[in-house]
Amino acid sequence: MTTEIGRQPWIVQGQLLTVDGVSPSVTTGEVATTLAILLVIYTGVFVAWFLVVRGIVRRGPAPVAAGVETGQESAVQPLEGGAAGMEEGTS
Amino acid sequence: VTGLQIAWFVVVAVFVTAYAILDGFDLGVGLLYGLVGRDGEHREALHDTISPVWDGNEVWFILIGGLVFAVFPPVYATVLSGFYLVLMLVLFGLILRSAALGLHYARVPTSLRWVLAFCGGSIVAGFFLGVVAGNLIRGVPLDANGDFAGGPGALFNPFAIVMGILALAVFANQGAAWAALKTRGAAHSLSRAIRQWAAWVVLGMFAAATLVAVFAVPDHVRALAGRPIGWVMVAVVVAGLAGEQILGWRQRDRAAFLAASATVLGLVGIWAVGTYPVIVPASNDPANSLTISSAAAPHNSLVAMVVVAAVGIPLAAFCVFIVYRTFRGRRRAKEEGYG
């Protein structure tokens with residue numbers, strides 16, 4: 001807001017006046033309508049995002065599914081569990 | 001008209017082709033979403049075929065805007081102001097489908113709202129891209145300064161509507177060919193069946209659009225018919241569809257997708273050859289048209305853009321190559337690590 005309002009009446013400082021740069025064929029009504037639709041869409045997307053993230057948080061982390069599987073594979077060497085974990089991390 | 005100006009016009013046409021082929025197939029996959037019923041696995045498969053590439057494909061659209069802004073600035077000014085409402089509708093469609101794709105990981109793809117956003121957004125974006133193309137061929141009212149001089153209703157004419165439907169058919173065909181190339185099992189056979197039908201729909205819509213064009217845009221048709229390369233482009237469209245159909249029967253999915261892409265190349269070629277040397281025709285007075293020579297940026301700017309393109313295009317091509325190579329082959333069901 002500071003840069004945009006502070007630059008007025010220029011749209012390019014010292015080069016082009018805002019009044020000369022404005023689109024001749026786009027009406028105020030069109031801009032207002034599309035801005036309103038944009039606000040509605042972005043609000044909808046934000047609400048959807050919020051609900052999704054809230055759902056993820058409420059579900060909580062999965063019960064370490066990957067660790068359980070590798071645990072079964074390396075069950076014959078329980079003492080090397082740390083090493084198996086390392087391998088899993090690097091592979 | 002200088003050689004450099006013509007070269008830049010050709011580059012713009014090449015970028016439009018790249019966008020139409022690449023974003024064409026992922027918009028098309030969005031369309032297919034509405035056809036595959038409520039089978040979650042089919043939809044999951046369709047989604048996975050485009051999830052690594054769709055956002056990169058859409059960047060070609062931005063690239064076209066940036067390129068036209070740099071090399072044909074009056075075209076950029078006239079088209080983005082004059083086509084404001086239509087382009088905003090394209091944007092709204094793209095936002096909706098992108099948001100749907102972005103929220104996909106939340107496991108909501110079977111909900112009606114999600115499908116409406118993804119499929120509906122793809123349809124809106126695809127249709128209005130066709131409307132833009134139709135109006136660029138048909139021409140719009142321009143004043144002596146080359147500025148758009150019509151109302152918002154000027155863009156909604158029968159020819160533009162037909163072109164919007166043709167665009168949807170082409171994108172659906174492209175999407176089906178892509179899905180047939182990238183999926184296995186039931187999703188694969190369904191995509192193949194849709195592809196074999198879609199090629200006929202495109203052929204029918206192409207014939208219909210040609211018929212309407214003879215009456216709606218006679219100047220464009222005459223210019224196209226008067227140039228041998230124009231007939232080559234028409235032949236590429238038809239040969240692409242025939243090739244897609246025949247190669248599809250023989251289960252050669254990759255070749256069928258390339259044939260479908262050739263059709264897209266031919267369609268963009270028909271625009272470029274028929275409109276040359278005009279870029280935005282003035283429907284009220286041909287003298288007001290924006291041509292390659294009247295709209296080109298100064299020579300120095302075009303030279304500077306050659307340097308930019310010499311660095312940028314290989315870089316972009318390299319990235320595209322890496323992404324498509326990394327995700328080559330068919331999609332496997334439920335890969336690990338993408339929970």
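Sequence lines set the chain letters: A, B, ... in the order given, protein chains first and strands last, and positions in each chain run from 1. The basis for the numbers below is simple: all heavy atoms, side chains too, and nothing from hydrogens, waters or symmetry mates.
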Among the options Gly44(A), Gly55(A), Ser25(A), pick out the one with the most heavy-atom pairs lying under 4.5 Å from chain B. Ser25(A)
Which heavy atom of Leu103(B) sits nearest a heavy atom of Ala48(A), and at what distance? CD1-CB, 3.6 Å
CD1-CG distance between Ile37(A) and Leu91(B), expressed to the nearest 0.5 angstrom: 11.0 Å
Tyr84(B) versus chain A, the contacting section by heavy-atom distance below 4.5 Å: side chain
Neighbourhood of chain A inside residues 63-77 of chain B, taking heavy atoms under 4.5 Å as contact: none
Most contact-rich option vs chain B, by heavy-atom pairs under 4.5 angstrom, among Thr34(A), Val26(A), Val53(A), is Thr34(A)
Using heavy-atom distances under 4.5 Å, tell me whether Leu38(A) contacts chain B through its side chain, its backbone, both, or neither. both
Shorter than 4.5 Å, heavy atoms on both sides: which option in Val45(A), Thr33(A), Thr27(A), Ile41(A) has the most such pairs with chain B? Ile41(A)
